[in-house]
Amino acid sequence: MAKEFVKNVTSMQDDFAQWYTDVVTKAELIDYSSVRGSMILRPYGYAIWENIQKQLDKKIKATGHENVYMPLFIPESLLQKEKDHIEGFAPEVAWVTHGGEEKLTERLCVRPTSEVLFAEHFKNIIHSHRDLPKLYNQWSNVVRWEKTTRPFLRTLEFLWQEGHTCHETDEEAHDETVRMLNVYANLCEEFLAIPVVKGQKTEKEKFAGAKYTFTIESLMHDGKALQSGTSHHLGDGFAKAFGIEFTNREGKLQTVQQTSWGFTTRIIGAMIMVHGDDRGLVVPPKIAPTQLMIVPIAQHKEGVLDFAYDLKEKLSQTIRTGIDASDKKPGWKFNEYEMKGIPLRLEVGPRDIEQGQVIVVRRDTGEKETVSLQGLEIHIQHILSDIQSNLFKKAKTHRENQTTTVTSFDEFKAKLSEKGGFMKAMWCGDEACESFIKDETGATSRCIPFEQERLAEKCICCEQEAQHLVYWAKAY
Ligand SMILES: [Zn+2]
């Protein structure tokens, strides 16, 4: 009995990786499947994804995009068409070689991403500048045969959306790349309460086949970074390889300029590692499947359950409200919903009913408040929005405390091992220095932030003239 009462989570301080595993399983977000590196999204995990998806889908449509659906399989010959792309993805591709007992004449790859499928389709449907821009998005799963896997962060199969667009000019494609990065940044900051750094990936870290890649990077509680969304200007590389041409406004044949951009279930991993604590998950109110959980106290007493159900019905009009009227003890329920990170708990018992009040407890701070039934709904909405902004502020403060400016390689190494987090340092632009830093410290270049500062004149590594300020970190 005692064991069931307290579902313990390993302390973050003791073992962050074990803490993470405990949270994803005990909060019932996922279960492991019999295929290595594949996860089952349980109802609670999937409901969080659905809420993220709803918000993002709205933003994707509001910026003029249409949803489509591409096939799961890519013929090998199609994948081979763009050289950089196949080189980048080949090591992680899963192949289908048989249909039933019969060997296929051509292997089919299970999509790791769908650039080539879109490219082939665009070639067929784009002929004139009047056909442009084409602004498409698809919600799907993709497969990447990863060697080491972690729930949400790296799995063989994951869910995402991938946007694919075609434009007349390089500038239009650039604007689209920026626009969608901003959509992701807004989703992260406004809804998931995760502060992000916006910037460009280095040549080494950019998407295979892209002209350049923009990224949003966030910082986890343990000081490691997580790439949280990317937006690529593809230039005309795929368009040339596939012959996606249109008659331009001058009546001449021209290749299109393309973009692609993706946002995945990985972000749930970020949400866990940015907001979670030793009691489990903390879900930001704006994406929480249940924002308020009602726990009736002494529910066997007359009138308590009826009162609690009435309250649920009333609050449900504007607040995602749940009720647990099971015969488990209130203490078990408190523990359970804290573990699941539900933003607010509402306790109501016979005495509260008599006095026209309820008790409301915040998951983020643990604060307990007695609230009058009059104006309860509005008061709860205020608390929820306060939790939302408090989570963002806390995460931002954490990131600021974990961001260090360094001007020498020794300092870089020392600070990185001492406190982790983001290292801000100047870089000459040479890939050799980037690789050296990675090999020596384990930190990778996260991005060249859009907001540049001139911290020093020389590259932190080779002492040649510095070109860019770069954010570096160990990353998931
Ligand atoms: Zn250098």
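We use all heavy atoms of the structure for the numbers below, so side chains are in, but hydrogens, waters and symmetry mates are not. All ligand and atom numbering here is 1-based and tracks the order in the structure.
- With no hydrogens or angles considered, no side-chain donor-acceptor pair links T215 and Q227 at under 3.5 Å.
- Partners of H398 under the ring pair (Phe, Tyr, Trp, His ring centres under 6.0 Å) rule, at least two apart in sequence or in another chain, are H221.
- In this structure, F450 has its ring center under 6.0 Å from that of F214.
- Classified by interplanar angle (parallel below 30°, tilted 30° to 60°, perpendicular above 60°), the ring pair F118/F122 is tilted.
- Note on the Zn ion (ligand 1): protein N/O/S atoms under 2.8 Å are C428 SG, C433 SG, C459 SG, C462 SG.
- H233 and Y212 have their aromatic ring centers within a separation under 6.0 angstrom.
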Verdict with reasoning, F207 to H232, per ring pair (Phe, Tyr, Trp, His ring centres under 6.0 Å) = CA-CA 7 Å; F207 178 74; H232 319 291; 4.2 Å; yes
